[in-house]
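One structure below.
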Amino acid sequence: MYCFLCVLAAVDIVMASSVVPKMVSIFSSGDSSITFNACFTQMYFVHAATAVESGLLLAMAFDRYVAICKPLHYKRILTPQVMLGMSVTITIRAIIFMTPLSWMVSHLPFCGSSVVLHSYCEHIAVAKLACADPMPSSLYSLTGSSIMVGSDVFFITASYNLILQAVFGLSSKNAQLKALSTCGSHVAVMALYYLPGMASIYVAWLGKDIVPLHTQVLLADLYVIIPPTLNPIIYGLRTEQIRKRTRSLLMHCLFDHFSRGS
């Protein structure tokens, strides 16, 4: 799990650093300009990072399944080589999905407005600026994301179905609670990621005639900001060493504050 958490942290850093600096600049100083190449670079990294994160959530669900349903075989099944292979496969899958999408959008003719009605270069918002029909790239995006996320959610659901069967088959209530608590943080992270993410994709597909533009922008912003922000907190609170260290730092800061005040 810690191996996958390290990869998840790296992906969250890439996602946040691709969007947040420019977003803060837009909201604080009104500097909303971005070059053509920078816009497509941002679009590529944001969407590739989200694709990697979906795969990581699937890998972490498999990790929980092995840990709870096959604990004696855990180290034999999830060897460092297997975890590295899973991480590399997830990354390659994201690259294979995102490269054609970025190529399709970047090769559209842009001869009209250059104002992206978004706080970052979200691909549907950028594709709508093209003078040609953006339907092929939009259809590829919707189909590809539905297949990728749909398959991930299907296998995650199957993993948790097997986990729940194994947990409720335990005779000890304490063992049941302990097993369920190990999955709580992962379920919370999945909800934070998938719910606003899928809502953002389908709302953008419907268009502003059905859903107001500010709602589309808000959902897309939540999709790329909330998971990287809350993931460290959720998993940090699950780790006893981090809880103790955080509590110690807070007590130290409070002690220094009251000492200076007195």
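What you see below is based on every heavy atom in this structure, not just the backbone, and it leaves out hydrogens, waters and symmetry mates.
- Sorted by first and then second residue, the salt bridge (charged side-chain N to carboxylate O under 4.0 Å, His left out) pairs with a member in residues 137-159 read Arg93-Asp152; sequence neighbours excluded.
- In the hydrophobic clustering of ILVMFWY residues, with side-chain heavy atoms under 4.5 Å counting as a link, Ile90 and Leu101 come out apart.
- Between Arg64 and Ser159 the shortest side-chain heavy-atom distance does not fall below 4.5 Å.
- Of all the heavy atoms in Met86 and Ala59, the pair that sits closest is CE-CB, 3.6 Å.
- Note on Val126 and Val224: separate hydrophobic clusters, where clusters join Ile, Leu, Val, Met, Phe, Trp and Tyr whose side-chain heavy atoms are under 4.5 Å apart, directly or indirectly.
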Worksheet item: Is there a side chain to side chain contact (heavy atoms under 4.5 Å, CB included) between Ile225 and Met23 once you walk through the steps?
Response: CA-CA 10 Å; Ile225 291 176; Met23 193 179 292; 3.3 Å; yes
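- Other cluster members for Leu250: none, since no ILVMFWY side-chain heavy atom sits under 4.5 Å from it.
- The list of ring-ring contact (aromatic ring centres under 6.0 Å, His included) pairs with a residue in residues 75-97, not counting sequence neighbours, reads Phe97-Tyr140.
- Every pair passing ring-ring contact (aromatic ring centres under 6.0 Å, His included) that includes a residue from residues 43-63 is listed here, sequence neighbours excluded: His47-His123.
- Residues passing the side-chain hydrogen bond (donor to acceptor under 3.5 Å, both in side chains) test with Arg76, sequence neighbours excluded: His73.
- Scored by the ring pair (Phe, Tyr, Trp, His ring centres under 6.0 Å) test, Tyr65 finds no partners at all (sequence neighbours excluded).
- Sequence neighbours left out, not one pair with a member in residues 132-175 passes disulfide bond (SG atoms under 2.5 Å apart).
- In the hydrophobic cluster analysis, where Ile, Leu, Val, Met, Phe, Trp and Tyr join through side-chain heavy atoms closer than 4.5 angstrom, Met148 is grouped apart from Val153.
- Residues passing the ring pair (Phe, Tyr, Trp, His ring centres under 6.0 Å) test with Phe154, sequence neighbours excluded: none.
- Looking at residues two or more places apart in sequence or on another chain, you find a side-chain hydrogen bond (donor to acceptor under 3.5 Å, both in side chains) between Ser146 and Tyr202.
- The shortest non-hydrogen separation linking Ile156 to Ala61 is CG1-CB, 4.0 Å.
- Both Met98 and Ile95 are assigned to one and the same hydrophobic cluster, defined by single-linkage of ILVMFWY side chains at heavy-atom distances under 4.5 Å.
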Atom pairs and distances, donor-acceptor, side-chain atoms in residues 8-17, under 3.5 Å, two or more places apart:
from	atom 1	to	atom 2	distance (Å)
Asp12	OD2	Asn231	ND2	2.9
Ser17	OG	Ile13	O	2.6
Ser17	OG	Val14	O	3.2

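- Residue Val88 belongs to a hydrophobic cluster whose other members are Leu84, Ile92, Ile96, with links defined by side-chain heavy atoms closer than 4.5 Å.
- In terms of heavy-atom proximity, Gln42 sits nearest to Val19 at NE2-CA, 4.1 Å.
- For the pair Ser106 and Phe36, the tightest heavy-atom approach, listed with the atom from each and the gap, is O-CZ, 4.0 Å.
- Among all heavy-atom pairs drawn from Val46 and Ser18, the shortest one is CG2-CB, 3.8 Å.
- Hydrophobic cluster membership differs between Leu142 and Val105, with clusters built from Ile, Leu, Val, Met, Phe, Trp and Tyr side chains linked at under 4.5 angstrom.
- A pairwise comparison of heavy atoms in Ala48 and Ala94 identifies O-CB, 3.6 Å as the closest pair.
- By the 4.5 Å heavy-atom criterion applied to side chains, Val82 and Ile77 are not counted as neighbours.
- Chaining together hydrophobic side chains whose heavy atoms lie under 4.5 Å apart leaves Ile147 on its own.
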